[in-house]
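Structure first, then comments.
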Amino acid sequence: METNDILTRLNKEQQEAVLQTEGPVLILAGAGSGKTRVLVHRIAYLINVCGVDPYSILAITFTNKAADEMRSRVDDMIGFGSREIWVMTFHACCVRILRRHAEEAGYTRYFTIYDTDDQLSVMKDIFKRRGIDTKFLKERTALGMISGAKNELVGPDEYARMTRGDYMTGQVADIYDEYQKRLRENNAMDFDDLIMNTVILFEQHPEILDLYRERFRYMMVDEYQDTNTAQFRFVSLLAGKYKNLCVVGDDDQSIYKFRGANIRNILNFEQIFPESRVIKLEQNYRSTQNILNCANEVIRNNRGRKSKRLWTENGTGNRVRFVRFENAYEEAEFVASEIGRRVRSGERSYKDFAVLYRTNAQSRLFEEKCLFLNVPYKLVGGVNFYSRREIKDVLAYLKTIDNAVDDVASTRIINVPRRGIGATTITKISTYAFDSGCSFFDAALSADNISSLSSATAKKVRGFTDFINDLRQDAKELTVEELIKKILKDTGYRKELEVEDTEESRERLENLDELISKAASYGETAEHPTLSGFLEEVALIADIDTVDDGDDRVLLMTLHSAKGLEFPIVFMAGMEEGLFPSAMSIRAENPDEEIEEERRLCYVGITRAREELIMTAAYARMVRGEYEPHPVSRFVREISRDSIDQPRAAAPKPAVPAPKGGLGSDMRDAINKSAYAPKPQNDRKEKSGYGSSTYSPYSNPYRKKTPLPAVESGVLSYGVGDKVRHKKFGLGTVTNIRDGGRDYEVTVDFPAWGVKKMFAAFAKLEKAED
DNA sequence: CACAGGTCTCTTTTT
DNA sequence: GAGACCTGTG
């Protein structure tokens with residue numbers, strides 16, 4: 001098994017990307033062109049063929065889910081060593097570095113990570129202290145501006161210099177400065193600080209930078225088009241010495257400008273790294289030709305992109321469908337019932353479907369309809385699990401225990417559950433802390449010295465501080481799981497919810513139990529479980545990371561969350577002007593730019609689909625309590641009739657104003673019926689099938705049309721039952737060989753290591769004589 | 001100090 | 001339509 005065998009599983013461009021291990025490499029990978037595959041093979045190649053130590057590899061992905069997947073695929077291929085590789089998100093990677101060098105960064109290693117809620121608490125307090133009128137400036141606006149500055153690596157001083165003369169931004173500069181001071185006092189960092197502080201650490205401590213430069217001689221960055229300036233700087237600093245930096249991205253999929261993503265990072269890569277090789281992956285292995293045509297037709301309306309055109313050897317496939325409904329309610333009913341119908345007929349599983357939409361607010365109707373029609377679903381995003389009240393309460397206890405100076409955490413729980421410590425008392429303690437320059441918890445400890453507090457109140461406060469101090473002792477002995485249980489018991493938190501016994505309280509209890517099991521599994525899987533470690537994991541988890549591919553459920557999520565995923569059948573809902581593209585982008589000062597970003601988002605959505613794509617829209621939709629008529633999204637109109645089933649009349653408006661009240665539904669119905677499908681004539685209760693036969697009674701002609709290139713028989717020198725030799729594991733017995741399409745997945749039982757599954761091309765197994 | 005009820009604002013998108 | 005916030009009452 002030599003290099004050649006690895007490469008035969010890849011197309012020419014993919015091979016090139018794998019082989020180019022040295023120097024800067026830009027891989028322009030169109031959607032579905034197998035970029036994860038390339039990255040995984042590249043890592044395997046580095047380790048197996050080039051003899052690179054896994055310890056020297058850093059691979060940065062966008063989500064934890066992607067990191068896990070990459071790690072396990074590397075594992076499958078080489079069977080060992082993947083634990084040593086750093087495969088993680090920017091944020092996780094920076095936290096890890098910052099914990100190790102916390103002192104140099106001006107923190108202790110117990111620093112906490114603030115989420116958006118925590119940030120807002122700090123900001124509200126600053127606004128209150130400064131008496132800033134929120135009509136003039138909103139907390140969230142200020143936080144947004146600060147975040148923007150941090151993403152550009154602009155600190156408070158530089159920000160102040162830049163804004164000289166302008167009153168409003170001048171105010172923000174002051175606020176920024178104070179905000180940073182407060183975070184530092186609280187031994188806390190927000191998401192943006194994690195990156196910025198790492199960059200500062202590297203710049204101020206060349207010896208630390210050098211440590212990591214020497215370590216990470218081979219770096220890979222996924223979803224490079226979504227990096228911001230700070231992340232770019234982080235990467236270039238690390239790669240500054242050996243320059244073995246391989247970035248993978250697609251400028252057409254850049255959808256995070258609002259988060260500071262700088263598309264120039266990818267567009268100018270060749271200028272920034274002059275020696276770089278550029279490799280384009282344009283063959284798509286995911287979607288049908290029709291789906292790709294749609295994607296191409298939409299995205300070609302953008303200017304200033306690197307030219308590329310996706311193509312595929314997959315079949316034409318079904319035409320993409322576009323269906324329009326009276327309102328969002330009927331849209332959701334169609335989607336849910338269509339899924340239910342097709343699963344019940346045995347044609348599909350629930351997990352084959354994803355419903356994608358522009359805004360989280362759209363999810364509610366889909367949830368309701370799925371619930372009603374018994375369609376199991378998983379909602380991604382929206383209210384994050386870790387931002388639910390009960391969860392945040394427990395986490396605030398843990399943070400107070402772990403990081404005594406985190407004022408946001410301690411003020412949150414000093415009166416949760418009720419201890420009779422009200423807002424007035426909290427303000428008095430806060431003021432004392434502020435005046436004496438100590439933390440809130442320290443101030444609470446000396447409640448007896450705060451003259452404005454009555455002795456009865458001081459006693460209550462002491463009850464709280466004693467309790468926390470006891471927990472701190474306990475924390476030294478207990479696992480995180482046990483500690484949480486103890487908190488819930490001793491505070492009476494659990495009891496209170498049990499007594500309440502409402503639907504809501506039961507849900508809270510369930511959530512708390514889920515938190516406990518997460519803590520338990522953290523305790524089992526982490527190498528060195530610590531309280532800080534748990535809090536960090538919890539802070540950096542994205543909702544999408546919790547998706548379990550094994551679950552047979554429909555996924556409901558935003559288009560943003562869907563990036564990097566794929567599904568046999570995709571619904572794109574709410575294809576309407578004002579929703580997608582959003583009203584904000586249409587009304588922006590620079591609408592062209594903003595709409596191009598929306599268009600890229602649309603491109604991302606379309607290219608998630610493997611076999612079928614169904615776009616839906618409503619004629620009118622409830623927006624902030626009022627019905628708004630919505631025209632069809634321009635993106636739908638950009639698709640030619642050849643690729644999509646769409647209305648004959650581009651804008652199906654009633655020729656005559658509707659006679660009755662309401663939405664003029666008669667005429668629209670008529671158009672709707674002729675163009676796509678009749679609404680079932682039966683009444684609402686029976687409405688489950690939404691005219692299935694009319695929608696298109698199709699088979700899937702392309703499904704088996706292009707078999708994956710089979711591995712030639714006889715390419716393996718061994719079979720089931722044979723003894724084989726592995727570079728690392730030594731002798732073992734082959735127990736199973738599965739044709740994985742492009743490669744064989746071989747299961748081998750190694751007496752010394754146990755049963756391992758690996759791909760033949762990479763495992764380099766040799767037949768051994770008995 | 002706690003809670004109920006009324007008013008105001010708001011929406012993209014997320015690590 | 002929902003959530004955050006404010007205000008008045010017990």
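Below, read A as the first sequence line, B as the second, and so on, with proteins coming before strands; counting in each chain starts at 1.
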**OP:** With sequence neighbours left out, write down each residue that passes salt bridge (Lys or Arg N to Asp or Glu O under 4.0 Å) with A:Glu496, or none if nothing qualifies.
**Re:** none

**OP:** List for me each residue that meets salt bridge (Lys or Arg N to Asp or Glu O under 4.0 Å) alongside A:Arg96, sequence neighbours excluded, and say none if there are none.
**Re:** none

Go through the structure and list residues passing side chain to side chain donor-acceptor pair (under 3.5 Å) with [X], not counting sequence neighbours.
| X | result |
| --- | --- |
| A:Lys369 | A:Tyr329, A:Glu333 |
| A:Asp68 | none |
| A:Arg599 | A:Asn302, A:Glu638 |

Subject >> Sequence-distant partners of A:Tyr256, ring-ring contact (aromatic ring centres under 6.0 Å, His included), two or more places apart >> reply: A:Phe62, A:Phe258, A:His560

**OP:** Please list, chain by chain and in numerical order, all residues satisfying side chain to side chain contact (heavy atoms under 4.5 Å, CB included) with A:Val199, sequence neighbours excluded.
**Re:** A:Leu153, A:Glu203, A:Arg233, A:Phe234, A:Leu237

Original post:
Who are the side chain to side chain contact (heavy atoms under 4.5 Å, CB included) partners of A:Asp549, not counting sequence neighbours?
Top reply: A:Lys65, A:Val547

**OP:** Would you indicate, yes or no, if B:dA2 has its OP1 or OP2 atom less than 4.0 angstrom from a side-chain nitrogen or oxygen of A:Asn415?
**Re:** yes

**OP:** Indicate for each nucleotide in nucleotides 8-15 of chain B, in 5' to 3' sequence, whether protein heavy atoms under 4.0 Å reach the base (B), only the sugar-phosphate (S), or nothing (-).
**Re:** --BBBBBB

Subject >> Protein proximity profile, nucleotides 2-10 of chain C - base contact B, sugar-phosphate-only contact S, no contact -, cut-off 4.0 Å on heavy atoms >> reply: --SS-----

Subject >> Residue pair A:Leu601 / A:Arg358, side-chain heavy-atom distance below 4.5 Å >> reply: yes

Tell me which donor-acceptor pairs under 3.5 Å the side chains of residues 125-132 of chain A have, and how far apart each pair is, sequence neighbours excluded?
{"residue": "A:Asp125", "atom": "OD2", "partner": "A:Arg129", "partner atom": "NH1", "Å": "3.1"}
{"residue": "A:Asp125", "atom": "OD2", "partner": "A:Arg182", "partner atom": "NH2", "Å": "2.3"}
{"residue": "A:Arg130", "atom": "NE", "partner": "A:Glu178", "partner atom": "OE1", "Å": "2.6"}
{"residue": "A:Arg130", "atom": "NH2", "partner": "A:Glu178", "partner atom": "OE1", "Å": "3.1"}

Original post:
On a whole-Å scale, what distance lies between the C1' atoms belonging to B:dT11 and C:dC6?
Top reply: 22 Å

**OP:** Sticking with atom C1', work out how far C:dC5 lies from B:dT12, rounded to a whole angstrom.
**Re:** 23 Å

Every protein N/O lying under 3.5 Å from an N/O of nucleotides 3-5 of chain B:
{"residue": "B:dC3", "atom": "OP2", "partner": "A:Arg418", "partner atom": "NH1", "Å": "3.0"}

